[in-house]
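The structure under discussion appears below in the form of structure tokens.
All heavy atoms count here, side chains included; hydrogens, waters and symmetry mates do not. Proteins come first, then strands; the chains are lettered A, B, ... in the order of their sequence lines, and each starts at number 1.
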2 protein chains.
Amino acid sequence: MTKLTVKAIASHFNVSVSTVSKAIHDSHEISDELKRNIREYAKLNNYKPNRVALNLFNRNTKTIGVVIPNILNYFFVQVLYGIEKIADQRGYSIIICSTNESIEKEIKVLDFLSSGTVDGVIISTVLGETGLTDSNEHFSALLDRQIPMVMFDRVIEFIKCDKVMVDDFEAGYLATKYFLGTGCKIVAIINPLGNSYIGRLRIEGYKKALCENGIGPNDKLIVTISYQDDLELTIHSLLDFDKIDGILIFDELTLVKIMDIVQSKGYQIPKDISFIGFTNGELSKYVTPSATTVSQHGKFIGESSADKLIDRIEEECDTCNFETRIIKTSLIARESTLKPKEYGKA
Amino acid sequence: MTKLTVKAIASHFNVSVSTVSKAIHDSHEISDELKRNIREYAKLNNYKPNRVALNLFNRNTKTIGVVIPNILNYFFVQVLYGIEKIADQRGYSIIICSTNESIEKEIKVLDFLSSGTVDGVIISTVLGETGLTDSNEHFSALLDRQIPMVMFDRVIEFIKCDKVMVDDFEAGYLATKYFLGTGCKIVAIINPLGNSYIGRLRIEGYKKALCENGIGPNDKLIVTISYQDDLELTIHSLLDFDKIDGILIFDELTLVKIMDIVQSKGYQIPKDISFIGFTNGELSKYVTPSATTVSQHGKFIGESSADKLIDRIEEECDTCNFETRIIKTSLIARESTLKPKEYGKA
DNA sequence: CTGTTAGCGCATTCAT
DNA sequence: ATGAATGCGCTAACAG
């Protein structure tokens with residue numbers, strides 16, 4: 001049986017399509033009997049209005065596009081979870097596109113999403129060379145078409161749209177202070193986030209904390225790595241360089257891998273080296289020793305982004321004052337760091 | 001600037017819409033000059049054909065719906081990753097719906113997906129009471145509309161459609177044999193999969209292995225748990241019941257949590273109790289001790305499902321001989337089990 | 001070479 | 001109370 005349409009129903013009852021349409025919408029313009037017959041018939045053959053035709057007619061799709069760099073990253077999955085929750089509540093579906101950290105894929109995906117398939121998009125961008133302004137014109141395509149967009153986490157500073165991010169500066173600052181508060185002297189950073197805005201903010205927070213404690217930041221202690229890098233090598237030369245006793249790592253999986261390597265080299269955690277990571281996921285909880293992490297509240301970021309986007313989609317007046325929401329992080333203390341010393345005591 | 005349409009371009013050049021359409025499609029019917037002008041103008045104002053209109057016209061959407069019970073479960077994310085990869089390669093987008101293990105949500109989502117938004121769906125069903133035939137009529141809605149569907153992992157036995165699953169019987173069998181081969185005598189099962197088909201298959205495999213070794217299965221050793229259950233209590237009464245030295249757990253996160261509890265009770269893994277889990281994810285790798293698991297090759301399941309679905313969508317003749325693909329599992333041996341004893345040696 | 005017409009499936013305004 | 005006509009944005013068959 002081919003898909004049932006209003007036209008088919010109409011010809012079955014020898015009436016016009018508009019009569020059928022009205023009957024199905026329970027219009028009072030239609031006689032009760034005919035209405036009942038039509039609706040019964042429709043139900044029986046489980047008629048469903050074609051969504052695509054409705055979308056065309058209504059000039060909206062009630063779906064939002066979500067673009068993330070890596071679906072295997074737990075942080076993004078948490079965000080997805082939050083987005084899905086709100087979207088569902090507010091009657092939207094989500095179409096998910098993974099860019100796999102490829103700028104080409106990001107361009108391709110944004111091109112697709114700007115062709116009318118979605119009412120708005122939520123995006124966390126790939127790690128790229130920033131500063132290259134021309135590499136960001138794929139966002140204007142969306143914006144020019146008046147398609148609302150909210151960026152989260154990995155946002156691009158100078159793009160004008162709503163944003164939801166964490167207080168990364170403060171996160172870097174507090175994590176570093178926490179290290180120092182437990183007696184660490186030489187704190188290093190491992191940054192798998194390239195030259196991204198959020199990475200830079202975290203590093204600035206780190207530097208501020210060091211300065212406040214009279215420690216001059218040493219750029220050799222900040223190592224930026226990429227996906228292909230050999231972690232074993234990286235960590236080896238870092239530990240050779242200085243007597244490091246604290247490492248702040250910007251990504252959960254990298255944290256766990258490095259803790260694994262360091263332990264297999266014979267170091268004790270946290271006695272010899274303390275660790276703090278980001279993204280408070282299951283891994284951080286169940287690794288041994290369990291990892292102290294900065295929770296970015298991924299689910300909440302997702303909820304907030306989705307709410308903001310749908311507000312923007314549905315608002316009548318488009319007053320273009322964009323908002324940047326800053327979500328507070330929290331530090332979850334576990335066993336990969338020492339206990340904070342109590343100051344002010346002799 | 002409002003969205004550019006063929007009509008707008010047409011009126012700008014004082015030609016008809018079909019001329020514009022042809023020009024944009026580089027038809028040889030249009031004079032080179034006009035064509036050049038139109039195409040230039042289109043590019044300049046970055047015209048993009050409205051996808052929704054095209055979908056209506058073509059009677060397809062080039063997108064597939066994916067329905068999973070829980071997006072926070074790493075196994076499903078792996079599958080998603082595989083699906084996305086193939087979909088992208090073959091020119092499809094995916095729209096993801098999470099049912100959060102709720103049958104109501106599953107019904108709602110399937111209803112949505114059967115309204116023309118997608119060309120086909122890939123689904124892993126919620127854990128439900130099986131046997132209740134009437135609770136499964138929401139699938140017929142899809143099938144009646146000739147919308148291709150492939151079920152993966154948590155499939156429903158008697159629904160007629162393509163399926164991709166793992167050899168769960170063999171997985172249960174081999175895992176149990178592995179336990180016995182390392183000297184375990186009393187092997188228990190913790191099953192968070194309710195009365196699902198795949199759970200039953202794994203248990204049957206387990207029983208077969210026991211029988212082959214002259215051990216009569218004891219149903220008290222098979223405990224089915226649900227999300228709300230208190231794991232601490234569960235494991236407590238299980239360990240009280242008998243001197244268990246091996247536990248097979250059907251889910252990665254549950255495995256890790258239970259290993260955590262058991263260790264905090266003072267048991268040594270694997271000396272006192274051995275563990276084998278399912279879903280070979282990062283958690284199993286980095287937990288301490290690292291966990292022996294049955295790898296279900298989630299990514300491959302996703303790839304296979306997507307390929308099968310798209311084949312089905314695009315095939316001309318709909319010969320209705322449905323296929324059930326069985327993917328082989330592999331057992332990844334790690335530190336949560338003892339070393340297999342070598343038989344045949346004195 | 002270019003335009004007219006029709007239709008994808010539906011809802012809505014305006015006649016009757 | 002019912003139907004005809006129009007349009008959402010696009011393409012394609014058929015005229016001219």
Check your understanding: So, B:D162 side chain and B:E323 main chain: donor-acceptor pair closer than 3.5 Å or not?
Key -> yes
Practice item. With heavy atoms under 4.0 Å as the rule, sort A:Y47 into base, sugar-phosphate or nothing. Key: sugar-phosphate
Point to revise | Protein-nucleotide distance (B:E29, atom CD; D:dA13, atom P), rounded to Å | key: 10 Å
Exercise for review: Please work out if B:H28 contacts a base, only the sugar-phosphate, or nothing of the nucleic acid, heavy-atom cut-off 4.0 Å.
Suggested key: nothing
**Study point:** Distance in angstrom units between B:L56 CG and C:dC10 C1', rounded
**Key:** 9 Å
Exercise for review: Describe the nucleic acid contact of B:S18 in one word from base, sugar-phosphate, nothing, applying a heavy-atom distance below 4.0 Å.
Suggested key: base
Check your understanding: When you match A:L34 and A:V17 each to their closest nucleotide on DNA chain D, which lands nearer the 5' end?
Key -> A:L34
Check your understanding: Looking just at side-chain N and O atoms, do B:R325 and B:S304 make a donor-acceptor pair shorter than 3.5 Å?
Key -> yes
Check your understanding: Between A:L54 and B:F57, who's closer to the 5' end of DNA chain C by nearest nucleotide?
Key -> B:F57
**Study point:** For the student: nearest non-hydrogen atoms of A:L143 and A:K160, plus distance
**Key:** CD2-O, 4.1 Å
Exercise for review: Quick one: label B:V15 by what it contacts on the DNA or RNA (base, sugar-phosphate, nothing), any heavy atom closer than 4.0 Å.
Suggested key: sugar-phosphate
Exercise for review: Using a cut-off of strictly less than 4.0 Å, decide whether B:T19 has a side-chain nitrogen or oxygen near OP1 or OP2 of C:dG3.
Suggested key: yes
Check your understanding: Roughly, in whole Å, what's the span from CG in B:D26 to C1' in C:dC1?
Key -> 15 Å
Practice item. Please check the phosphate of C:dG9 (OP1 and OP2 only) for any side-chain N or O of B:R59 closer than 4.0 Å. Key: yes
Review point. For B:K7, which contact category applies under a 4.0 Å heavy-atom criterion: base, sugar-phosphate, or nothing?
Key: sugar-phosphate
**Study point:** Phosphate-side-chain proximity, A:S21 and C:dA11, N/O vs OP1/OP2 below 4.0 Å
**Key:** yes
Practice item. Give one of base, sugar-phosphate or nothing for A:T5, where a contact means two heavy atoms less than 4.0 Å apart. Key: sugar-phosphate
Exercise for review: To the nearest Å, give me how far apart CZ (A:R36) and P (D:dA1) are.
Suggested key: 14 Å
Review point. Within the structure, does a side-chain N or O atom of A:S16 lie under 4.0 Å from either OP1 or OP2 of D:dG3?
Key: yes
